[in-house]
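Below, read A as the first sequence line, B as the second, and so on, with proteins coming before strands; counting in each chain starts at 1.
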2 protein chains.
Amino acid sequence: MREPLDPEMFDPVCPSEVMPIRVGDKWGGMIIQCLEEGPRRFSELMVPLRTVTPKVLTKSLRALERDGFVVRTERAGPRHVEYALTPLGRSLLDLLDAARAWAETHMDALLDAREAAQ
Amino acid sequence: MREPLDPEMFDPVCPSEVMPIRVGDKWGGMIIQCLEEGPRRFSELMVPLRTVTPKVLTKSLRALERDGFVVRTERAGPRHVEYALTPLGRSLLDLLDAARAWAETHMDALLDAREAAQ
DNA sequence: CCGAATCCCTGAGGATACTG
DNA sequence: CAGTATCCTCAGGGATTCGG
């Protein structure tokens, strides 16, 4: 939670375009993974999600809030906002892990199939 | 495999709009589940997927083919086409089961959260 | 029976710029 | 720092009709 998020946390070669499994919208799964170790601030989230724009990140966070996966908290101090997983959000972590495990094992086969089909 | 697919296989109240987990496109996960017990014909698939149109089903099936999840086989006889899971497609079944298990346990909480947020 | 062809429309997602 | 405000594109998804 204290350590900053790895900017290379998500493989740019394996974006969500290729990943056939999604939780929420395009960024939902990645955001949830970013929050696994504890609350994060808006600007912290933008680091590993490099290509996301503020508007889209906001939209995704709002959607995760609506579904009860994430809580938004304004902390004292100037413009300090934190996003954290709820218990319901945490309940998705196992699924996300399973999805990542599937990807590591089978993504090559998927890519091969896709290439074989041109 | 021999038994016809249950027309009520998928809860119309809980369509993929609500389900936050997706495999492939909107219909991908449901199609894969339909093929779990063995090959199925196009028209068989349309039964549980009631609201899908032929065009969209075709498109989804083609996408599943491209990714190597499904094979399309033309059988002898007039216009007899079968779709079946490949081993790669079968490798997704565990994930889909996990997703369904998650949904059964937590979907109510999600719906509550969504309603609380209006 | 298994689609293909056509048309359409919404919305997810992005680019860019600005603000309290 | 944490977003808003516009504008735009494009593809997912659907309705309807047609064909071998």
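B:Ile31 has its CD1 atom 14 Å from the C1' atom of D:dG12, to the nearest Å. With rounding to whole Å, B:Met46 atom CE is found 12 Å from D:dA15 atom C1'. B:Leu49 has its CG atom 14 Å from the C1' atom of D:dG13, to the nearest Å. Atom CG of B:Leu64 is separated from atom P of D:dG12 by 13 Å (rounded to the nearest Å). At whole-Å resolution of the value, NZ in A:Lys55 and P in D:dC8 are 13 Å apart. In this structure, CD of A:Glu74 is placed 9 Å from C1' of D:dA2, rounded to the nearest angstrom. In this structure, A:Leu57 places its CG atom 10 Å from C1' of D:dG3, rounding to the nearest Å. As rounded to whole Å, 9 Å separates atom P of D:dA2 from atom CD of A:Glu82.
For D:dG12, the OP1/OP2 oxygens have a side-chain nitrogen or oxygen of B:Lys59 closer than 4.0 Å. Contact annotation: A:Arg72 does not reach the phosphate of D:dA2 (side-chain N/O to OP1 or OP2, under 4.0 Å). Regarding contacts with the backbone of D:dG12, every side-chain N or O of B:Arg62 stays at 4.0 angstrom or more from both OP1 and OP2. Between A:Arg79 and the phosphate of D:dG3, there is no side-chain N or O to OP1/OP2 separation shorter than 4.0 Å.
The span of DNA chain C lying next to chain B, judged by atoms under 4.0 Å from heavy atoms, is bounded 5' to 3' by C:dC1 to C:dC7.
A:Val47 is not connected to A:Leu85 by any chain of hydrophobic side-chain contacts under 4.5 Å among Ile, Leu, Val, Met, Phe, Trp and Tyr, and they are in different clusters.
For A:Pro39 against A:Glu44, the heavy-atom pair with the smallest separation is O-OE1, 4.4 Å. B:Leu45 approaches B:Cys34 most closely through the heavy-atom pair CD2-CB, 3.6 Å.
Put simply, the side chain of A:Arg100 never gets that close to the backbone of A:Leu95: no donor and acceptor are under 3.5 Å apart.
In the displayed structure, A:Arg72 atom CZ is contacted under 6.0 Å by more than 12 heavy atoms of other residues, nucleotides or ligands. Counting heavy atoms of neighbouring residues, nucleotides and ligands inside a 6.0 Å radius, atom CZ of B:Arg114 exceeds 12 of them.
Residues passing the salt bridge (Lys or Arg N to Asp or Glu O under 4.0 Å) test with A:Arg62, sequence neighbours excluded: A:Glu65.
Closest-nucleotide positions on DNA chain C for A:Arg22 and A:Pro54 were compared, and the one nearer the 5' end corresponds to A:Arg22.
Among the atoms of the strands shown, only primed sugar atoms or phosphate atoms (P, OP1, OP2) are found under 4.0 Å from some heavy atom of A:Val81.
In this structure, the nucleotide among D:dG13, D:dT4, D:dC1 sitting nearest to the side chain of A:Thr58 is D:dT4.
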